[in-house]
Amino acid sequence: MYQTIKIIIDGKECIAKKGQYIVEAAKENNIYIPTLCNIEGVKPKGACRICTVKVNGRLMTACTTPVAEGMSIESESAELTDLRRSIIELLFVEGNHFCPACEKSGECILQALAYRYSVMAPRFPFMFPIRELDASNPKIIKDHNRCVLCKRCIRVIKDDEGKNIFAFKKRGHKVEIIVDPESADKFTDELAEKAMEICPVGAILVKGKGFKKPIGQRKYDLMPIGSDIEKVSKSKKAVL
Amino acid sequence: MNKAIVATTSLAGCFGCHMSILDIDERILELIEVVEFNKSPIDDIKKFTKKCDIGLIEGGCCNSENVHVLKDFRENCKILIALGECAIMGGLPAMRNGIPIKECLEEAYIGGPTVQQNHQKIVPNDPELPILLDKVYPCHEVVKIDYYLPGCPPRADLIWKALIALVKGEEMDLPYEVIKFD
C-alpha cells in the first residue's frame, strides 16, 4: 500500500502517493504540468526546466521533485506561464527550428508547447547557429539543428547489455548528441524506431521512412498538448 | 463606417501567404465591404497613395530592397502584421543563414549542379539589383511588428478572423486549430 498524502496544486486539494514526483501526482489529479525532457517510466533529468513550479514559494522542477506532506504548489500563474513561454522561445531561437520543413511537425512536443502557450514570435533574437546534419549512421539521421538536448535518447535507448547507444560529444554550448559508432551493430531497427519515437522534436529520423499521417491529422494538430490529462475538451483560446 | 485601408507585400516569401488570403474564398466579397486595398499585389498599386491602417507583411528580409519596403510599410501603416513563418522567423530562405553569402552565390550561379550556361562565371552584379543581406532577418528584427499570424501558410480562417477582428475592433477569437506553424 502506498502512503497517501495531501498536497495543494493551484489552490486545489490533491491526493498524492508518497515519493511520487509532482508531475505524476498532478497528472493523477487531472492537472497538466508541461514537460518536454521528461518521459514516463524513465528516471527524470530536469534538463529542460519547462515543468518549473513554485513549491511553497520556491522554484523547482516538477519532474524531479517528489511530493511531500503539506506542499503548496503553484503551476498556472501568470509568472510561471511567462517563464515557461520564455523557455520555449529560448529553445526556438537557440536552434534552427523550421517547422514548415520538419517531418515531426504536428507531433513535436516543442511545437505543441508553443501552441499551448501561444508563442507567436520569440522575444529573443534568432541565433541561427551553424549545425550539421549527421547521416553517418546507417539507420538514422541526426539533425543537430533541431536537437533540444533533452537527453531522452541517451536515457532510454540502451543495447541488450544495458549500455548507452547515444552519448554527448563536446562541451558547453557546442555539446551535441552522437550515436556511438562502436555499438552500431547493436543498434537494431526496433531501437532506431524507438529513438525516433521518443525524440520530442524531429532531431532523430529513421532513414528511408516517410511519415504516414498527413499534416492536419497529427497528434497536436487538433488538440492542445495536455488536454488528455485535463480531460476537458477545451479549445484553448490564443492570446495575441 | 469608413473602410479600413489595407496594404500587403511579399518580401522574401513565396506568395503562399497571399494565396492563403485568397483562400478566404467568397468571404472576399464581405472583406471588400469593410476594407479598401492600397499598395498591394492584389490590386497592383505599386506605391502608397495614402496612409494605411493595416499592413500585412509576407516574408522576411533577405536583401536591401526588402528592408526598404518594410521600412516604407512601417512608416505608412498604423498596424503591421507579420504574416507567416518567413516573416516571423525567416522561414525557408533563412536556411541559408549558416552558409557564407559567397558560397551561396557560387553554388547558385557558378558551381551548382543545375548551372549550365554561365561560361563566363558571372555572379549577377548589375547595380540595379538589390544587395543581399548577410543573412535573412525576421521582420521584427528590422522594424516593430504589432501582430504575428503564424503558419506556412497561415490558415485562411486565421487571416480572416484576425483581419475582421482588427477592422471591427473586436477581440480576436482564434480557435486552437487555426494557429499552426506548418
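In what follows, chains carry the letters A, B, and so on, assigned in the order in which the sequence lines appear, proteins first and then strands, with residues in each chain numbered from 1.
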>> Which heavy atom of A:H97 sits nearest to which heavy atom of B:M89, and what is that distance?
In response: O-CE, 3.3 Å
>> Counting neighbours of NZ on A:K139 that are heavy atoms of other residues, nucleotides or ligands and sit closer than 6.0 Å, is the number greater than 12?
In response: yes
>> Tell me the closest heavy-atom pair linking A:A121 and B:I88, and the distance in Å.
In response: CB-CG2, 3.9 Å
> Would the number of heavy atoms belonging to other residues, nucleotides or ligands and lying under 6.0 Å from NZ of A:K12 be above 12?
Replying inline: yes
>> Checking B:L149 against A:M120 for the side-chain contact (heavy atoms from CB on, under 4.5 Å) test, could you report, in this order, the C-alpha distance in whole Å, the side-chain angles of both residues, the deciding distance, and whether it holds?
In response: CA-CA 7 Å; B:L149 298 178; A:M120 294 297 179; over 6 Å; no
>> For B:E36, is the CD atom crowded, meaning more than 12 foreign heavy atoms sit under 6.0 Å from it?
In response: yes
>> Taking CD in A:E40 as the centre, count heavy atoms belonging to other residues, nucleotides or ligands within less than 6.0 Å. Is the count above 12?
In response: no
> A:Y220, A:F98, A:F92: which one forms the most heavy-atom pairs within less than 4.5 Å of chain B?
Replying inline: A:F98
>> At under 4.5 Å between heavy atoms, what parts of residues 123-138 of chain B are in contact with chain A? List them by residue number.
In response: B:K135, B:V136, B:P138
> In terms of heavy-atom contacts, does NZ of A:K207 have more than 12 from other residues, nucleotides or ligands at under 6.0 Å?
Replying inline: yes
> Is the B:Y176 ring parallel, tilted or perpendicular to the A:Y115 ring (thresholds 30°, 60°)?
Replying inline: perpendicular
> Are any of the side-chain heavy atoms of B:K180 and A:I215 separated by less than 4.5 Å?
Replying inline: no
> What are the two closest heavy atoms between B:L92 and A:A101, and how far apart are they?
Replying inline: CD2-CB, 3.7 Å
>> Please give me the minimum heavy-atom distance between B:H140 and A:P122, naming the atom from each residue.
In response: NE2-O, 3.7 Å
>> Looking only at heavy atoms and a cut-off of under 4.5 Å, which of B:E171, B:E85, B:M95 has the most pairs with chain A?
In response: B:M95
> What part of A:D221 is in contact with chain B, defined as an atom under 4.5 angstrom from a non-hydrogen atom: side chain, backbone, both or neither?
Replying inline: both
> Contact part of B:A94 toward chain A, heavy-atom cut-off under 4.5 Å: side chain, backbone, both or neither?
Replying inline: both
> Is it the side chain or the backbone of A:L222 that comes within 4.5 Å of chain B heavy atoms, both, or neither?
Replying inline: both
